[in-house]
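Along the sequence shown, the residues carry numbers beginning at 1.
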Amino acid sequence: MSRWSRRVDPDVDLRVPADRGELTAHPAAVLGAIAAGGVLGALARAGVQTALPHAPTGFPWSTFAVNVTGCLLIGALMGVLGRRPARVPGRRPARVPGRRRAGPLVRPFLAVGVLGGFTTFSAYVVDVHRALAAGAIGTALGYLAGTLVGGLLAVAAGDALVARWWGTDAGRGHRAAGSGRSDRRPGSGRSGRRPGWGRDDRPPGAGRTGGEVPR
């Protein structure tokens with residue numbers, strides 16, 4: 001059974017050591033990070049909806065684009081945070097070159113605040129209701145199903161992109177770490193002599209009274 005299937009909440013599960021790290025932050029700091037992120041996300045959504053207005057019978061591209069984009073971003077974000085080294089009490093996590101542990105305010109600010117304020121379920125439902133009330137049944141049903149399918153595919157795509165990038169980056173790190181190893185064969189001495197040769201450079205098995213091997 002995978003680690004993700006054991007999670008009670010896909011966003012926060014206090015049984016997971018990495019998620020419990022958020023408890024180290026002061027509650028006021030967490031609330032402040034969520035509030036600041038929510039303001040930024042809501043402003044960004046308002047800008048998109050202002051730039052892409054639609055009639056009640058038209059397809060609400062602004063809300064559709066906001067929700068699908070938010071799903072893509074949160075899938076990538078949770079993929080990154082889920083692959084960070086776990087913070088286990090009393091044990092230092094393994095250090096990975098070029099990677100840092102996510103701070104306790106990263107998820108509240110970005111996931112709950114920015115993306116929570118950017119995406120909107122209420123506007124999605126209101127758009128469906130207005131389309132039905134205006135008689136645009138096909139638009140309403142297409143928008144209703146398209147947002148759900150598009151959101152699921154976007155979350156999966158975001159997580160898959162992070163997994164691919166994470167694997168490529170890890171492979172590059174392993175190759176870089178192995179490039180500094182010595183090219184000497186196993187068992188060779190520091191002086192470059194062949195393994196098994198004695199101090200007088202005679203091959204193994206040659207006696208002291210035997211014929212010398214030409215140098």
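Across all non-hydrogen atoms, the minimal contact from A46 to T50 is O-OG1, 2.7 Å. Residue L132 comes nearest to A140 through the heavy atom pair CD2-CB, 3.5 Å, listed as atom of the first residue, atom of the second, then distance.
In this structure, I34 is not a member of the same hydrophobic cluster as V39, with clusters built from ILVMFWY side-chain heavy atoms closer than 4.5 Å. Criterion: ILVMFWY side-chain heavy atoms under 4.5 Å apart, direct or through other members. Under it, L161 and W166 are not part of a common hydrophobic cluster. Follow the hydrophobic side-chain contacts under 4.5 Å out from V149 and you never reach L141; the two are in separate clusters.
Between I74 and M78 the shortest side-chain heavy-atom distance falls below 4.5 Å. Put simply, the side chain of T63 reaches to within 4.5 Å of the side chain of Q49, judged on heavy atoms.
Of the possible polar contacts, none joining the R130 side chain to the T57 backbone as a donor-acceptor pair under 3.5 Å is found.
Grouped with L52 in one hydrophobic cluster are V48, V66, F118, the linkage being side-chain heavy-atom contacts under 4.5 Å among Ile, Leu, Val, Met, Phe, Trp and Tyr residues.
Between W61 and F64, the angle of the ring planes goes over 60°, which puts this pair in the perpendicular group of the 30/60° scheme.
Rounded to the nearest 0.5 Å, atoms CG (L31) and CG (L105) are 10.5 Å apart. Distance check, rounded to the nearest 0.5 Å: OG1 of T139 to CG of L144 gives 12.0 Å. Here the CG-CG distance, from L77 to L72, works out to 11.0 Å after rounding to the nearest 0.5 Å. Within the model, atoms CG of L115 and SG of C71 stand 9.5 Å from one another, a figure rounded to the nearest 0.5 Å.
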Derivation and outcome, side chain to side chain contact (heavy atoms under 4.5 Å, CB included), residues F59 and D127: CA-CA 9 Å; F59 193 89; D127 290 337; over 6 Å; no
Side chain to side chain contact (heavy atoms under 4.5 Å, CB included) evaluation trace for F109 with L40: CA-CA 10 Å; F109 174 74; L40 296 177; 4.0 Å; yes
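Checked against the 6.0 Å centroid criterion, the rings of Y124 and Y143 qualify as a close aromatic pair.
Residues T119 and N67 bring no donor and acceptor atom of their side chains to less than 3.5 Å of each other.
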